[in-house]
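Single-structure report; data block below.
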Amino acid sequence: MPTLSTPALTLGATDNNKRDVTVAGTLTFDAGDVGKSYRLEIKLYGEDKSGDALPSGDAVGDDLLYTYNFAGPLILLPFKTITVAAAGSINFSEKRSINTGTLDEDPGTVVVGWADINTPILMPRKDEVYAMVTLSGSPVTKKSATVVSGIGV
């Protein structure tokens, strides 16, 4: 049965309103996994912590911000297929350039002080982002033959 290390999330520098976001970790497979295929999914969430100054339109709870997509046969897929060739560990590292607005899970500003009686000091709200990595068995799907049943089913 495969195991997954706690993934590391790294936010790179901001450039042209984009930020490099890297998620890395280790997948470990045993002899029973050899020849099997698994799906690796990576999603970024914004976490609402207690004490956050949430915007009025933001409900409490974690928000899905971004799903990593991977090249498929014809289209992008929200998962990467990994076929196990041998028991052991496989390191993964996936980097995406993501719009900073997408990562802004608590938009707007908060008053942190006053420069004078009429001038508030505003700071952007803090954003808390985490990665959720899922490794699951690839589903097997087969279509049955089509059955025709007169007029209506």
Side-chain angles (χ1 to χ4, degrees), residues 1-112 121-147 153:
M1 173 172 237
T3 59
L4 173 63
S5 69
T6 301
L9 172 66
T10 306
L11 301 176
T14 302
D15 185 29
N16 292 326
N17 291 324
K18 291 199 176 251
R19 195 159 193 183
D20 285 340
V21 180
T22 303
V23 177
T26 303
L27 308 170
T28 304
F29 300 99
D30 60 29
D33 297 316
V34 174
K36 294 180 181 176
S37 292
Y38 294 90
R39 286 185 174 186
L40 177 69
E41 298 176 40
I42 302 173
K43 296 181 179 185
L44 300 179
Y45 287 87
E47 184 173 22
D48 292 326
K49 294 191 172 267
S50 62
D52 276 358
L54 296 175
S56 59
D58 188 0
V60 176
D62 294 354
D63 305 314
L64 175 62
L65 302 176
Y66 185 83
T67 300
Y68 278 51
N69 286 309
F70 302 89
L74 299 174
I75 60 170
L76 291 176
L77 299 171
F79 61 87
K80 177 181 187 176
T81 302
I82 297 171
T83 301
V84 181
S89 296
I90 298 173
N91 295 323
F92 69 90
S93 180
E94 295 291 339
K95 180 168 79 171
R96 301 294 186 274
S97 184
I98 301 172
N99 287 326
T100 55
T102 300
L103 298 171
D104 188 5
E105 62 103 14
D106 287 331
T109 58
V110 292
V111 177
V112 295
I121 299 171
L122 301 174
M123 293 290 289
R125 287 187 167 91
K126 291 182 182 176
D127 295 311
E128 303 88 8
V129 178
Y130 66 91
M132 180 69 72
V133 178
T134 303
L135 184 67
S136 60
S138 294
V140 177
T141 304
K142 283 267 193 189
K143 179 184 175 198
S144 73
T146 302
V147 175
V153 177

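Just so we're clear, the structure is a prediction, and the values are computed from it rather than from any experiment. All values below were derived from every heavy atom in this structure, side-chain atoms included, with hydrogens, water molecules and symmetry-related copies excluded.
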Separation between CG of Leu44 and CG of Leu11, rounded to the nearest 0.5 Å: 8.5 Å

Salt bridge (Lys or Arg N to Asp or Glu O under 4.0 Å) involving Lys80 - partner list, sequence neighbours excluded: Glu94

Nearest-0.5 Å distance that lies between atom CG in Leu9 and atom CE in Met132: 12.0 Å

Distance, nearest 0.5 Å, that separates CG of Leu64 from OH of Tyr45: 5.0 Å

Shortest non-hydrogen separation from Pro7 to Ala131 and the atoms involved: CG-O, 4.5 Å

Thr14 OG1 to Leu103 CG distance, which is reported to the nearest 0.5 Å: 8.5 Å

Backbone N/O of Gly12 and side chain of Arg19: donor-acceptor pair under 3.5 Å: yes

Smallest separation among heavy atoms of Gly72 and Leu77, with atom names: CA-CD1, 3.8 Å

Between CD1 on residue Ile42 and OG1 on residue Thr22, distance to nearest 0.5 Å: 10.0 Å

Test side-chain hydrogen bond (donor to acceptor under 3.5 Å, both in side chains) applied to Asn16 - qualifying residues, sequence neighbours left out: none

Least distance between heavy atoms, Thr67 atom then Pro78 atom: CG2-CB, 4.0 Å

side-chain contact (heavy atoms from CB on, under 4.5 Å) evaluation trace for Ile82 with Leu27: CA-CA 10 Å; Ile82 297 171; Leu27 308 170; 3.4 Å; yes

Any Leu40 side-chain heavy atom under 4.5 Å of Tyr38 side chain: no

Sub-4.5 Å side-chain heavy-atom contact between Val133 and Phe92: yes

Side-chain H-bond candidate by donor/acceptor type, Thr83 with Ser37, under 3.5 Å: yes

Cation-pi, Tyr68 ring and Arg96 (6.0 angstrom, 45 degrees): no

Worked check of side-chain contact (heavy atoms from CB on, under 4.5 Å) between Phe29 and Leu135: CA-CA 11 Å; Phe29 300 99; Leu135 184 67; 4.1 Å; yes

Distance in Å, Leu76 CG paired with Phe70 CZ, rounded so as to fall on 0.5 Å steps: 10.5 Å

Check: Thr28/Ser89 side-chain N/O donor and acceptor closer than 3.5 Å: yes

Exam field: side chain Asp30 to backbone Met1, donor-acceptor pair closer than 3.5 Å: yes

